[in-house]
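What you see below is based on every heavy atom in this structure, not just the backbone, and it leaves out hydrogens, waters and symmetry mates.
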Amino acid sequence: MPRRSALLGQPLFRLLAINLAIGVMIAALLLGGLLYLNPGHLRDLIFADDSPGTALGLLLFGFVVTFGSAAMGSAIMAMGTDLRGGGKGGKKLELPIELIPGAKAVPVRAEHGARAVRRHGSL
């Protein structure tokens, strides 16, 4: 039991698990919507087969991979941004370095006219 709570105590793992669950819910809703709306007689085609579970499983798996990875990727890219602030985008937040044990802040050099970014205590 302590191992499970230690894994759930990791903020990065928790972030990814929550967003994967969001992606799975979106995938299930999309599959249910497709079956309900029956575009191009898709529902009729699936259920006319001898094993409709295979087609439904593959379709759901494809949607879970697509929307789960999109939700997790957008969560990773939004790290450090306060999305609650109104306006255009939100303000940048300092990330705790504890997200990756042993990580050090590295200065970044700007090239080709971009701004130099140097933040201490963050990635």
Show me, pair by pair, the donor-acceptor contacts under 3.5 angstrom made by side chains of residues 21-44, not counting sequence neighbours?
residue : atom : partner : partner atom : Å
Asn38   : OD1  : Leu42   : N            : 3.1
Asn38   : OD1  : Arg43   : N            : 2.8
Asn38   : ND2  : Asp44   : OD2          : 3.2
His41   : ND1  : Asp44   : OD2          : 3.3
Arg43   : NH1  : Leu35   : O            : 2.7
Arg43   : NH1  : Tyr36   : O            : 3.4

Atom pairs and distances, donor-acceptor, side-chain atoms in residues 56-73, under 3.5 Å, two or more places apart:
residue : atom : partner : partner atom : Å
Thr66   : OG1  : Gly62   : O            : 2.8
Ser69   : OG   : Val65   : O            : 2.6
Ser69   : OG   : Thr66   : O            : 3.1

Ile76 vs Leu15, test: side chain to side chain contact (heavy atoms under 4.5 Å, CB included). Steps then yes/no.
CA-CA 8 Å; Ile76 291 293; Leu15 175 79; 4.1 Å; yes
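Here the CG-CD1 distance, from Asp49 to Ile46, works out to 9.0 Å after rounding to the nearest 0.5 Å.
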